[in-house]
Each structure stands twice: as C-alpha cells, then as structure tokens.
Amino acid sequence: MHAGAMGFADAHLHPLEIADSGAYPDLGEAEVLFGCVSSSSQWDAMSSFEDSRIRRFYGVHPWNASEWSADACARLESILEDDERAGIGEIGLDSKHGTTEEQAEAFDAQLALAERFGRLVNIHCVGCEREVLEHLERHRRIPGIVIHSFSNESYTVPFVRLGCHLSVNPRILARSEVRIRKLMDSIPGDRLLLESDAPFTPRFTGMMDFAERLAGAIGSDAGTLLGAALDNARSIS
Ligand SMILES: [Zn+2]
C-alpha cells in the first residue's frame, strides 16, 4: 500500500509558524495534529487558530523559561478551564540552551498543571533525559506524555515505564541506518509517534516522505509506521 492512501498523525508541530510557508506539502492529509507553541505571546493566536484536526498545546518552552510567572500560570489555568481538550506544550528542559536550573521551575509548574487538569504534555528534552525523568517521577498522574524528538535509546525503558510516548523526528534520518534501527527497535509498537516539528526541521518535505525514508532505513513500510503512529496518537488524544 502506498502511504499516500492514508491519513496520519503528527505528534509535534508548530501550526502558527507554518501558515502558508509551503513547508509542509502533505499537511492536508493529516488526521491528528498535536499543535504546539513555544511562548505565552502565542497563546491568543493559538486559541483562535481554526483547524478541527488540531489538539492545541499551550506552554512556555525551556528557551523562554524567563517568561514564566504567577501571571503566566494564572493565564494558562484559565485557558485550560476554557478548553477542556487543551494540552500543555512545548515545555521541557534543554541543557544546551541556558541552564536547566533556570528552566526547572517553569517545567515543573506546567507539569503540575497537566497533572491537576488531567492534560497531555508535549516535552522538549535535549541532553537532560535523567532530569526530565526525575520531574516526571514527581507527576505520575499525567494522562499522556509525548517525548518530542526522541533520539536516545538508552532512555527508552525508563520513559516507557513512566507511560511516555516517544516521538521520532526527521532529524533522525541524518544518522546511519544501523543507528536508526537501534533507536526504532527500542521503541515498543504501542508507544511510537511520528512528528515533523514543522516548520523548524531542516529538509522536512512532508510526513509521507519522512515515513517512507524511515521505513526504508529499518526494512519496514511507511503505511505500517504511519498507521501505528496514528493509532497511538488517537489513543492519547
Ligand atoms: Zn517544537
């Protein structure tokens, strides 16, 4: 079966920035979209963004952690009260951008909101898996956790144990097939998600193309990967 025959889920993208950029040629074929923002300055635009396929995520990204405040927290609470399907993201920790100490308070507070309101989270985790796991250990009642751009198979088991879904990004295609296979083999079939992170992924040319190249690297087929990722995204949305 050709992958173009089916819909798909994208577990992490930035719909406000895609707009009409042409960066996502097959966006029209998507069925489920986990749409993230990175700054509280985008929350209003996100709430009025019209696309029934989008599960809206509102959050403060670790690069913008200094935005986090009592006011931001109160605003996010009221958004969650108004939109019972809203998730929280993109949030997380990034050891390559500032320090994780500066980011920890915003991350933890947003996880606490997700737990309290029973919402999905979409997590950015660069070079600090252990710390992200420690935060997640303290918030065990979050109903759905997407680890965006998951790339380190040494942490598959602990993330899965905490109920996370692991979202694979096209950046992985820069690796050797052996390394791609190692990562993909580590991920249980019911925890795999696929994402574009559009429009911020260089050389992304559509989800079908990504799935075909990923499938080619691991000896699978695109339809199988897209189908599994769609089922898994639906199971938490
Ligand atoms: Zn992102």
Side-chain angles (χ1 to χ4, degrees), residues 8-19 21-24 26-27 30 32-47 49 51 53-68 72 76 79 86-98 100 103 106-107 110-111 113-114 119-129 131-132 135-136 142 144-152 155 159 164-174 183 192-207 210-211 214 229 232-233 236-237:
F8 60 81
D10 186 336
H12 186 106
L13 75 161
H14 294 263
L16 298 177
E17 280 99 337
I18 295 173
S21 66
Y24 203 143
D26 55 0
L27 184 59
V32 177
L33 298 167
F34 289 177
C36 292
V37 297
S38 44
S39 164
S40 56
S41 65
Q42 298 175 302
W43 293 353
D44 285 340
M46 182 54 121
S47 63
F49 192 84
D51 187 329
R53 303 170 301 167
I54 288 191
R55 170 60 69 103
R56 295 185 175 83
F57 287 76
Y58 298 84
V60 171
H61 191 285
W63 296 1
N64 301 319
S66 63
E67 278 179 17
W68 188 254
L76 187 50
I79 289 169
I88 302 182
E90 171 174 2
I91 61 174
L93 298 175
D94 189 331
S95 64
K96 301 204 165 67
H97 207 285
T100 55
Q103 302 159 3
F107 183 40
Q110 292 178 97
L111 291 176
L113 285 179
R119 303 304 171 88
L120 302 183
V121 291
N122 214 310
I123 295 183
H124 173 108
C125 171
V126 173
C128 43
E129 287 89 350
E131 285 170 84
V132 167
H135 282 272
L136 292 174
I142 298 172
I145 302 164
V146 177
I147 305 297
H148 140 61
S149 201
F150 181 69
S151 60
N152 189 341
Y155 291 96
F159 277 124
C164 299
H165 284 73
L166 305 172
S167 182
V168 175
N169 180 286
R171 289 182 180 89
I172 212 73
L173 296 171
L183 176 74
L192 174 71
L193 296 172
L194 300 177
E195 66 174 52
S196 65
D197 200 13
F200 302 124
T201 302
R203 294 182 295 281
F204 174 72
T205 52
M207 187 59 83
F210 169 41
L214 184 62
N232 296 339
I236 52 171
S237 65

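Just so you know, these numbers use all the heavy atoms, side chains as well, and skip hydrogens, waters and symmetry mates. Order of appearance sets the numbers: ligands from 1, and atoms from 1 within every ligand. These numbers come from a predicted model, not from an experiment.
- Checking His61 against the Zn ion (ligand 1), every N/O/S atom stays at or beyond the 2.8 Å cut-off.
- Gly92 and Ile123 get closest at one heavy-atom pair: CA-CG2, 4.3 Å.
- Residue side and main chain included, His14 places an N/O/S atom under 2.8 Å of the Zn ion (ligand 1).
- Rounding to 10 degrees gives 90° for the angle at the Zn ion (ligand 1) between NE2 of His12 and OD1 of Asp197.
- Evaluated for a side chain to side chain contact (heavy atoms under 4.5 Å, CB included) with Ser149, the options Thr201, Ile172, Asn169, Val168 yield exactly one hit, Asn169.
- A pairwise comparison of heavy atoms in Ser39 and Glu67 identifies OG-OE2, 2.7 Å as the closest pair.
- Glu90 contributes OE1 as its N, O or S atom closest to the Zn ion (ligand 1).
- Between Tyr24 and Phe204, the distance from one ring center to the other falls under 6.0 angstrom.
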